[in-house]
Amino acid sequence: MGGWSTISDDEFERVKGLAEDARKACEDHDPVTFHHSVRVAHWSVLLASRLVGFGLSRLRRLEITAMLHDYGKNFVDPKVLAKSGPLDEAEWFQMRNHPELGITHLPVPLDYVAHEGIRWHHKYYNGGGYPEGDVKGVDLPLEARLISVADVFDALTSKRPYRVEHPAFTPSEALDIMRNMSGRQLDPSLVSLFDAVYKGECERVGGAAGAQTMQLMSILGVEIQRARDILKRIIGSFDLRNPLRGRVAEPVLNELIAKLERTNLDRGSAENIARSVLALPLKETFAPDDLEPLRGSAGPTGAMVGHHFEVRLALRNRERDTSYLKVVVYKGRLWLCISETTDDAIEVRLAR
Ligand SMILES: [Fe+2]
């Protein structure tokens, strides 16, 4: 990455804000990519942070690149993106062109993106895949190989319209499949590294947990850490238990919310995280009359799933914003909303 400039904290926040804005603006066009790209960015950075040669600026550039790796899909017909079943030749042509379309229409300044990471993220380690080009093995840019591993893991562990018979694999099934792709589609050393990183992360969250557990813990943990870093830049060093020490809460809270909103979070989630980091009272997301009994049970039910705790709620109030990965407050604690189903009422799953 010789010749590339360093990226300061402020620049990174600004550019990541632009990437986020672009991502959010495209949610309707391509809802799958909307969530997928955040997770791919997360996995890519997690992997690269274990590699020699990834200093802070290169990691930051990778995060922005991974977040935008499928940006070109916004220039592909949504019917093609949502199609369940094989694509015809014209549709396939559009799909194969999405890396190049993404680079052409990048919503952030060119210097903050590793273009080759986008261009080659569907190129196989053995030279297969697309686009055309005689580049393979370790000659494929490292950013592309990293994004490819993260991309495949996330695609396998999340629901896809084109995989009707098996909507989502468990993380261990996904890792088995990826070991089979090792040396063909994926860089074998990065697959091994991913395996190790995955196991390490499971340890970190308390045992052999599912990818969802790891993803959930990572996301909540990452956002809280990000909020603490931003807060430190606003008010200097602080005591975790009493960060404000007599300062007026409102302006700090508002500034922190505004900064968090520009990264990964919607307004409500940003406020929940900001309040928690500032040790301010949390605001319950659900009023008692928002909830109604789940069919077949007296009230909200909770259970351990892997190593995270989940609770299922039935909502009476359809106006409540409970979109995926939104941070909410329920019974005085932070939770991630991980799914919702719409029926007579809206049923949501919260995890912590
Ligand atoms: Fe892609």
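Both ligands and their constituent atoms are indexed starting at 1 by order of listing.
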Distance under 6.0 Å and angle within 45° of ring axis: Arg96 vs Phe93: no

Could you tell me whether the Fe ion (ligand 1) has an N, O or S atom of His122 under 2.8 Å away? yes

Carboxylate-amine/guanidinium contact Arg352 Glu310, below 4.0 Å: no

Metal check, the Fe ion (ligand 1) vs Asp151 N/O/S, cut-off below 2.8 Å: no

Among side-chain atoms of Asn74 and His105, is any donor-acceptor pair under 3.5 angstrom? no

His98 atom NE2 and His121 atom NE2 as seen from the Fe ion (ligand 1), angle to 10 degrees: 100°

Just by distance, with hydrogens left out, do Ser8 and Asp10 show a side-chain donor and acceptor under 3.5 Å apart? no

What atom name does the N, O or S atom of Asp70 nearest to the Fe ion (ligand 1) carry? OD1

